[in-house]
There are 2 protein chains.
Amino acid sequence: MKSNLILQTAVSHFAKEGYEGASLSKIADEVGIKKPSIYAHYKGKDDLFLSAVQYSLHTLKAQLAAYFNSMREEPLESLLLGYFEWLAKESRDNERMKFIIRVAYFPPLKLETEVGKLFNPFFDTMHRHLTRLLRERHRHEKVFHSEDFSNAALAYLTITEGVMNELVYSGMEKYNQRLQAVWPIFWRGLIR
Amino acid sequence: MKSNLILQTAVSHFAKEGYEGASLSKIADEVGIKKPSIYAHYKGKDDLFLSAVQYSLHTLKAQLAAYFNSMREEPLESLLLGYFEWLAKESRDNERMKFIIRVAYFPPLKLETEVGKLFNPFFDTMHRHLTRLLRERHRHEKVFHSEDFSNAALAYLTITEGVMNELVYSGMEKYNQRLQAVWPIFWRGLIR
DNA sequence: TTTCACCTTCCTAACGGTCGTTAGGTTATA
DNA sequence: TATAACCTAACGACCGTTAGGAAGGTGAAA
């Protein structure tokens, strides 16, 4: 499927150079075709970009579901902390995570609203599922200091983003450093 | 000073469109001059961009020093929490903060190393000053759970970045929401 | 005090290059 | 035979940059 190869190459280029910085010529070069051939698969640069966003979010969603499902039986702290390791492992080689973060924070101005329409439901779903997870765990075993699970989930997501930025920007070492700094404090503040 | 007006306009454009997306024509238009006139003040786009980074970091550094100095006598939690309010107020109208964050996380590829040379000392200084502040406060009054002040400072900075991203991306409302979610947990985890 | 050279700042015009995109044709697959 | 996938060629638009010159101010020499 050439169309999919174009998409993945595009993700990598958009991640590294941004929407404006990436060029269809260079994407086509890496795929091994000529620039106009891209138009046999996508309507234009915007279409390719939005398809890349959609594809990336869809893939991430599936991976997240798989992770949380596989950790269903684990203790809560292993699950929440393991998520960070999982994120690091997942985003080490592939550039999809970097692309997602870049687009979330700095979408191209002219596609801002359309990007938002793709992202906002994603974040809301994340928040909702996490809130439910915390609440259910608390029902079986009173682990938390507060019963405001929505805010606890939001706090967790905030920290996720904080260290994830460090991951895409400064690499694995500083990421682990940050994680080890912030997690004990956060966890201690969270539980009873 | 026309040269300074160009610089500030450039900051605003680079913040909104990124290095590749911003164009010298549009910057010149907003300043009220023609594009080649920029070359009377800066050697080229790269020079203008790096000057903008330097100027922004220099200004931020001065403002930070002023804030922490003015809060010298305040209780620690007021100082640390007030910093978030201060950040929000400072970055509401001006685009300098957005520019700084964007450049820190997604510098133009070809200027990556030079940008790093400007940013890394800045973050290191922040981390060092904050560590010292926490240690000194603890000497006068035992407030903290742990005595690893370096990691506590790092955790604080991580949270700062996490919510600050929310500020530049989603605006004031979601920023406050996140801050109110994460702060009580963080503070509870930090103190004895 | 005038003159002249110099420098800064701005301009118009134009350069080569890259961008995204389209037209139109070829080839292979279904 | 129709359609999808690719090609070459070329389009207009914009990019950063340079050349070359006009205007105005500054400061030293006459």
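Residue numbering restarts at 1 for every chain, and letters A, B, ... go by the order of the sequence lines. Values in this document were obtained by computation on a predicted structure and should not be read as measured data.
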- Message: Is the positively charged end of B/K174 above the ring of A/F123, judged by distance under 6.0 angstrom from the centroid and angle within 45° of the axis?
- Response: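 Negative - B/K174 is either too far from the ring of A/F123 or too far off its axis.
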- How do A/A40 and B/L24 order along DNA chain D: which one's closest nucleotide is nearer the 5' end? A/A40
- Query: Looking just at side-chain N and O atoms, do B/Y105 and B/E161 make a donor-acceptor pair shorter than 3.5 Å?
  - Reply: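 Checked: B/Y105/B/E161 side chains pair up, N/O donor to acceptor below 3.5 Å.
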- Message: Taking the nucleotide of DNA chain C with the nearest heavy atom to each, does A/S25 or A/P36 sit closer to the 5' end?
- Response: A/S25
- Query: Relative to each other, are the rings of A/W183 and A/F186 parallel, tilted or perpendicular (30° and 60° limits)?
  - Reply: tilted
Counting only side-chain heavy atoms from C-beta out, which of [options] sits nearest to [X]?
| X | options | value |
| --- | --- | --- |
| B/Y39 | C/dT22, D/dT17, C/dG20 | D/dT17 |
| B/I33 | C/dC10, D/dC6, C/dT22 | C/dC10 |
| B/K2 | C/dC11, D/dA9, C/dC10 | C/dC10 |

d([atom1], [X]; [atom2], [N]) in whole Å:
| X | N | atom1 | atom2 | answer |
| --- | --- | --- | --- | --- |
| A/L5 | D/dC6 | CG | C1' | 15 Å |
| B/K34 | C/dT8 | NZ | P | 24 Å |
| B/I38 | D/dC15 | CD1 | C1' | 13 Å |
| B/D29 | D/dC14 | CG | P | 12 Å |
| A/D46 | C/dC19 | CG | P | 16 Å |
| B/Y42 | C/dC10 | OH | P | 11 Å |
| A/K26 | C/dG17 | NZ | C1' | 13 Å |
| B/K43 | D/dT18 | NZ | C1' | 16 Å |

- Task: Check the pair A/F68, A/Y83 against ring pair (Phe, Tyr, Trp, His ring centres under 6.0 Å), reporting the backbone distance first and the verdict last.
- Result: CA-CA 8 Å; A/F68 279 102; A/Y83 176 55; 5.5 Å; yes
- Task: Taking only the side-chain nitrogens and oxygens of B/H41, find out if one of them lies under 4.0 Å from OP1 or OP2 of C/dT8.
- Result: no
- Task: Examine C/dG20: is either OP1 or OP2 under 4.0 Å from a nitrogen or oxygen in the side chain of A/K35? Give yes or no.
- Result: no
- Task: Name the nucleic acid region contacted by B/S37, choosing base, sugar-phosphate or nothing; use a 4.0 angstrom heavy-atom cut-off, strictly under.
- Result: base
- Message: Over all strands shown, is A/A22 touching base, sugar-phosphate only, or nothing at heavy-atom distances under 4.0 angstrom?
- Response: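 Sugar-phosphate contact only.
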- Item | Test of ring centre spacing under 6.0 Å for B/Y156 and B/F84 |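 Between B/Y156 and B/F84, the centre distance is under 6.0 Å.
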